[in-house]
Chemist: 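The structure's right below; bear with me while I get my questions together.
Quick caveat, the model's predicted, so the values are computed rather than measured. Along the sequence shown, residues are numbered consecutively beginning with 1.
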Amino acid sequence: MVSWSARRKALTILLFIGPTLIGILLFSVYPIVLSTYVSFTDRNKFRPNPDCTVFLTGLLEPLCWPQFRDRAPVGLGSPYGLQDPIFKNYADLLGTMFTPTALGSMFLMVLCFLPLIAAWVLTKRFAKLATPPVSRTTLWWGGLGLSLVLAFALNIGAAYNVLMDTGDFVVVVGRTLIFVIARVPLSFVLGLTFALILNSEHLPGRTFFRIALFIPWAASSLGILMALIWQFFFREQGTINQVLSIFGLTGMAWLKDPFTAFAAVVLVDTWFSYPFFMITILGALQSVPHDVYEAADLDGASWWQQLTRITLPLVRPAILPATVLTSITAFQMFGTAWAITQGGPIQSVGKPGATEFVIVYAFKQIFQTQNYGRATAFAVILFIFLFALTLYSLRMTKITKGAFES
């Protein structure tokens with residue numbers, strides 16, 4: 001029989017953690033459950049009202065509760081209900097993603113990355129050897145070269161076009177991943193370059209340059225306004241074309257071409273984000289002892305050898321979390337793309353635009369087309385995708401290793 005002291009201890013613990021548990025249930029668990037349920041319904045701007053006679057709808061939908069029933073919107077159609085078939089929203093998003101043709105295209109694209117995967121495995125294995133037979137640089141450049149050869153040999157462009165025709169989810173997530181792959185390395189390279197320059201003791205006016213190079217990060221708090229200024233640069237009568245006209249060159253409609261519009265968004269978002277890498281790497285560089293570099297100079301190590309074998313390994317604990325955070329931020333990017341292109345240019349009716357990334361697509365589905373069922377289905381698929389990707393990144397980078405060790 002449980003004693004009163006044990007019950008008192010349990011009640012005390014419950015009183016302390018109770019408000020937190022209630023907050024998690026109300027603001028985290030309940031929205032996830034409601035969104036998952038709505039993803040199986042045909043709720044849209046014509047059917048905003050719930051059918052409160054359905055048990056789950058009456059239980060989960062706030063508009064069915066007595067306190068909010070008088071706030072239900074007026075819709076043109078009948079109350080929304082479960083789809084027939086129930087996975088229709090998911091099927092519309094995924095389209096023909098799991099057909100033999102699409103799966104074959106995915107296999108070809110994965111096959112092109114096998115040399116890079118092999119280079120990564122061999123690099124980890126050779127790192128344990130005192131005298132590796134092949135350098136890391138040779139492995140990575142060789143893997144990259146073989147990947148490009150395979151891409152041309154297998155006509156990877158055709159496979160990419162097949163995947164882009166499967167459904168909205170593949171198009172939007174694929175373009176967002178390409179954006180992340182383009183933007184994060186550029187931000188890292190710029191941040192590393194400026195950090196190495198600012199870390200030099202022989203640079204005059206270091207304080208001024210630190211402030212000047214940090215301005216884009218400070219301006220990101222007004223990201224949409226600053227992005228509008230950048231948009232003016234890329235307009236047909238904008239700054240870039242006016243400068244080109246001075247030299248007798250004819251500019252182009254930068255924001256109406258899919259490739260140049262995508263490149264413009266990458267450029268602007270890189271300008272916003274590189275100071276984060278710069279400050280992070282600069283702080284890590286200042287913790288590296290100078291004795292290590294003096295010993296490397298005595299051993300005749302070149303600048304590149306010092307960078308790749310001393311600097312980068314020592315600042316790696318600071319770079320990895322910054323890379324993961326920057327990748328997550330890039331994946332959730334909205335303001336820059338919306339201010340510059342609003343997800344465009346649109347190449348065909350009913351298809352996402354060239355810069356319609358995941359948050360832009362979700363915004364359009366909710367606030368423009370008001371297709372709540374498809375928007376929540378997209379959110380559920382994206383949540384599962386990002387959750388798996390986050391677990392994998394934590395496992396590979398081992399960022400949390402030792403966090404719970406005593």
Chemist: Are any non-hydrogen side-chain atoms of Tyr274 and Leu186 less than 4.5 angstrom apart?
Modeler: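 In short, these two side chains do not touch, never coming nearer than 4.5 Å.
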
Chemist: I'd like to know if the side chain of Asn89 reaches the main chain of Thr41, judged simply by a donor and an acceptor atom lying under 3.5 Å from each other, with no hydrogens or angles considered.
Modeler: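 Yes.
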
Chemist: Between Thr376 and Ser39 (side chain of the first, backbone of the second, donor and acceptor by atom type, cut-off under 3.5 Å), is there such a pair?
Modeler: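 Yes; judged by distance alone, with no hydrogens or angles, the pair exists.
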
Chemist: Looking at Asp92 and Lys88, is there a salt bridge between them, counting it only when a charged N and a carboxylate O are closer than 4.0 Å?
Modeler: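 Between Asp92 and Lys88 there is a salt bridge, with a charged N closer than 4.0 Å to a carboxylate O.
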
Chemist: Ser287 side chain to Ala284 main-chain N or O, any donor-acceptor pair under 3.5 Å?
Modeler: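 Side chain of Ser287 to backbone of Ala284, a donor-acceptor pair under 3.5 Å: yes, one is there.
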
Chemist: Determine yes or no for a side-chain-to-main-chain donor-acceptor pair under 3.5 angstrom, with Gln306 supplying the side chain and Thr311 the backbone.
Modeler: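 Here the side-chain-to-backbone pair does not exist.
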
Chemist: For the residue pair Asn199 and Leu282, establish whether any side-chain heavy-atom pair is separated by less than 4.5 Å.
Modeler: yes

Chemist: Would you say that more than 12 heavy atoms from the other residues, nucleotides or ligands in this model lie under 6.0 Å from the CH2 of Trp141, or not?
Modeler: no

Chemist: Which class fits the ring pair Phe233 and Trp230: parallel under 30°, tilted 30 to 60°, perpendicular over 60°?
Modeler: perpendicular

Chemist: Which label fits Tyr90 and Phe40: parallel for a plane angle under 30°, tilted from 30 to 60°, or perpendicular past 60°?
Modeler: tilted

Chemist: Would you find more than 12 non-hydrogen atoms of other residues, nucleotides or ligands less than 6.0 Å from Phe113 atom CZ?
Modeler: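 Open.
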
Chemist: If you measure from OH on Tyr361 to OG1 on Thr355, what distance do you get to the nearest 0.5 Å?
Modeler: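 Going from OH on Tyr361 over to OG1 on Thr355, the span is 15.0 Å.
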
Chemist: Say whether, by atom type as modelled, one donor and one acceptor occur between the side chain of Thr166 and the main chain of Leu163 under 3.5 angstrom.
Modeler: yes

Chemist: Verify, without hydrogens or angle tests, whether Asp168 (side chain) and Leu93 (backbone) share a donor-acceptor contact under 3.5 angstrom.
Modeler: no

Chemist: Is the backbone of Glu236 close enough, under 3.5 Å, to the side chain of Asn241 for a donor and an acceptor to pair up by distance?
Modeler: yes

Chemist: Test side chain to side chain contact (heavy atoms under 4.5 Å, CB included) on Phe179 and Val266 and set out the steps.
Modeler: CA-CA 7 Å; Phe179 171 77; Val266 171; 3.6 Å; yes

Chemist: Indicate yes or no: at least one non-hydrogen side-chain atom of Leu116 is less than 4.5 angstrom from one of Trp140.
Modeler: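 Answer yes - side chains close enough.
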
Chemist: Rounded to the nearest 0.5 Å, what separates atom NZ in Lys351 from atom CD1 in Ile346?
Modeler: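 With rounding to 0.5 Å, NZ (Lys351) is 13.0 Å from CD1 (Ile346).
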
Chemist: Can you check whether Ile359 reaches Phe331 side chain to side chain, under 4.5 Å on heavy atoms?
Modeler: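 Sidechains of Phe331 and Ile359: no contact.
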
Chemist: Does Arg183 reach the side chain of Val265, with side-chain heavy atoms less than 4.5 Å apart?
Modeler: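 Of all side-chain heavy-atom pairs linking Val265 with Arg183, none is under 4.5 Å.
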
Chemist: Can you list everything that forms a ring-ring contact (aromatic ring centres under 6.0 Å, His included) with Phe334? Sequence neighbours excluded, please.
Modeler: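 With neighbours one apart ignored, the set is Trp338, Phe363.
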
Chemist: Treating Ser105 as the side-chain partner and Thr101 as the backbone partner, does any N or O pair qualify as donor plus acceptor under 3.5 Å?
Modeler: yes

Chemist: Is it the case that atom OH in Tyr30 sees more than 12 heavy atoms from other parts of the structure closer than 6.0 Å?
Modeler: yes

Chemist: Please check: side-chain N/O of Trp65 versus main-chain N/O of Leu59, any donor-acceptor pairing under 3.5 Å?
Modeler: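 Judged by distance alone, yes, a pair lies under 3.5 Å.
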
Chemist: Considering only heavy atoms from C-beta outward, does the side chain of Phe378 approach that of Val358 to under 4.5 Å?
Modeler: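 Side-chain contact under 4.5 Å: yes.
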
